[in-house]
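Single-structure report; data block below.
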Amino acid sequence: MGVNPFDPPRTDLEGGAGGGEHAMPAEALRELVGTAPWARWTVWLVMISIPLNVLNAVLTMSKAKTPFEVGSQVGSLVVGLPITIVFLLLYRRYAARAGELAGGEPRAASEVIDAQRSLFKAYGIFAIIALVLVVLMTTLGIVGAMMRGRP
Amino acid sequence: MTEVSLSEADLRNLQRSRGWARFLAVLGFLATVACALGGVAMAVASRTLAVPGGAAIGVGAAAMVVGAIAMGFYGVFTWRYASAVAALQGRQGPALVSAFRNLRYLWTFHVILSGLGLLFTLGSIVATWMGWMPSSAGTGGPPGGG
């Protein structure tokens with residue numbers, strides 16, 4: 001199908017391609033495609049960071065002098081590794097879709113937007129969990145200190 | 001460049017991401033204030049308290065200030081993304097450009113932070129290996145290799 005010369009010009013998101021579709025401005029598309037290399041770099045950096053963090057924990061544990069130091073390293077690995085892996089998967093998904101978009105696959109734009117929404121949501125959920133834990137630990141610390149202070 | 005269309009579902013997804021982005025931006029601003037206050041408190045403590053490891057406290061204070069600046073940038077980019085997506089309700093093309101531009105800034109900034117985190121981990125490994133730091137900084141690290 002050719003372009004009808006009598007159709008009004010399509011602009012930004014105001015006109016639309018019909019059927020609830022809205023044309024994305026070329027500059028917006030360039031910006032979205034511009035995230036692809038950075039997402040790829042993020043994936044690489046996170047992949048490198050995982051074995052380095054494990055090595056760091058093992059080294060620290062081997063030189064630890066108290067059980068508390070060993071426990072804190074084990075704890076940070078048990079909590080930190082799964083979180084890092086979850087985010088690595090989300091970054092990989094975004095990077096793959098953004099790479100497809102950069103390669104000229106227009107349908108990938110929807111998946112890039114969805115992947116970014118998932119990332120923001122995951123950040124938000126982990127932030128809420130972290131906040132709850134901080135409040136819980138602070139409360140426990142204060143209550144513990146008050147109990148110890150009692151005669 | 002290929003012409004790309006956004007469906008109503010895409011616009012809904014963008015709007016859904018806005019709430020989380022706004023929430024994360026507010027957390028970023030709060031973390032900026034907390035890090036800045038912590039950094040100032042540590043700097044004052046390292047100068048006034050005659051405790052062993054004063055230099056280490058000074059380094060910690062500097063790290064807190066760097067963290068405050070990083071969180072500030074993160075908060076600003078995320079806030080601007082959320083604001084641009086909010087403006088999309090009027091179907092403005094420039095708002096979409098601004099949203100994706102700030103998204104690109106966020107990813108760029110994320111790579112810089114992840115790189116710094118990786119360097120920190122490497123430094124920590126070397127310091128522990130050489131025996132300069134018998135009990136090293138935390139591992140596992142925040143998502144993003146930091």
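For the numbers below, each heavy atom of this structure counts, side chains included, while hydrogens, waters and symmetry mates do not. A, B, ... follow the sequence lines: proteins, then strands. Residue 1 opens every chain. Values in this document were obtained by computation on a predicted structure and should not be read as measured data.
- Of the inter-residue distances, the one linking A:Asp114 atom CG with B:Ser17 atom OG reads 10.0 Å to the nearest 0.5 angstrom.
- In terms of modelled atom types and a separation under 3.5 Å, the side chain of B:Thr32 and the main chain of B:Gly72 share a donor-acceptor contact.
- In this structure, B:Ser124 contributes its side chain and B:Phe120 its backbone to no donor-acceptor pair below 3.5 Å.
- Only the side chain of B:Leu24 comes within contact range of chain A, with at least one heavy atom under 4.5 Å from a heavy atom of that chain.
- Annotation: cation-pi pair B:Arg104/A:Trp38 absent, no NZ/CZ under 6.0 Å from the ring centroid and within 45° of its normal.
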Let me see the working for A:Val33 and A:Val112 under side chain to side chain contact (heavy atoms under 4.5 Å, CB included), right down to the final yes or no.
-> CA-CA 10 Å; A:Val33 166; A:Val112 171; over 6 Å; no
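- Both the backbone and the side chain of A:Ile125 come within contact range of chain B, each with at least one heavy atom under 4.5 Å from a heavy atom of that chain.
- Within the 4.5 angstrom heavy-atom criterion, only side-chain atoms of B:Leu27, from C-beta onward, approach chain A.
- Heavy atoms closer than 4.5 Å to chain B are found in the side chain of A:Tyr94, but not in its backbone.
- Contacts between A:Glu27 and chain B at a heavy-atom distance below 4.5 Å involve backbone atoms as well as side-chain atoms.
- Each of B:Tyr105, B:Phe100, B:Trp107 has some count of heavy-atom pairs under 4.5 Å with chain A, and the biggest count is that of B:Trp107.
- Contact of B:Phe109 with chain A is not made at all, since no heavy-atom distance falls under 4.5 Å.
- Neither the backbone nor the side chain of A:Leu90 comes within contact range of chain B; no heavy atom of the residue lies under 4.5 Å from a heavy atom of that chain.
- The candidate with the highest count of non-hydrogen atom pairs below 4.5 Å against chain B, out of A:Ala109, A:Ala127, A:Ala39, is A:Ala39.
- When the candidates B:Thr78, B:Asp10, B:Val111 are compared by the number of heavy-atom contacts under 4.5 Å with chain A, B:Val111 comes out ahead.
- Taking the six-membered ring where the residue is Trp, the centroids of B:His110 and B:Tyr74 are separated by 6.0 Å or more.
- Taking CG of A:Leu131 as the reference point, atom CG of B:Leu30 lies at 8.5 Å (rounded to 0.5 Å).
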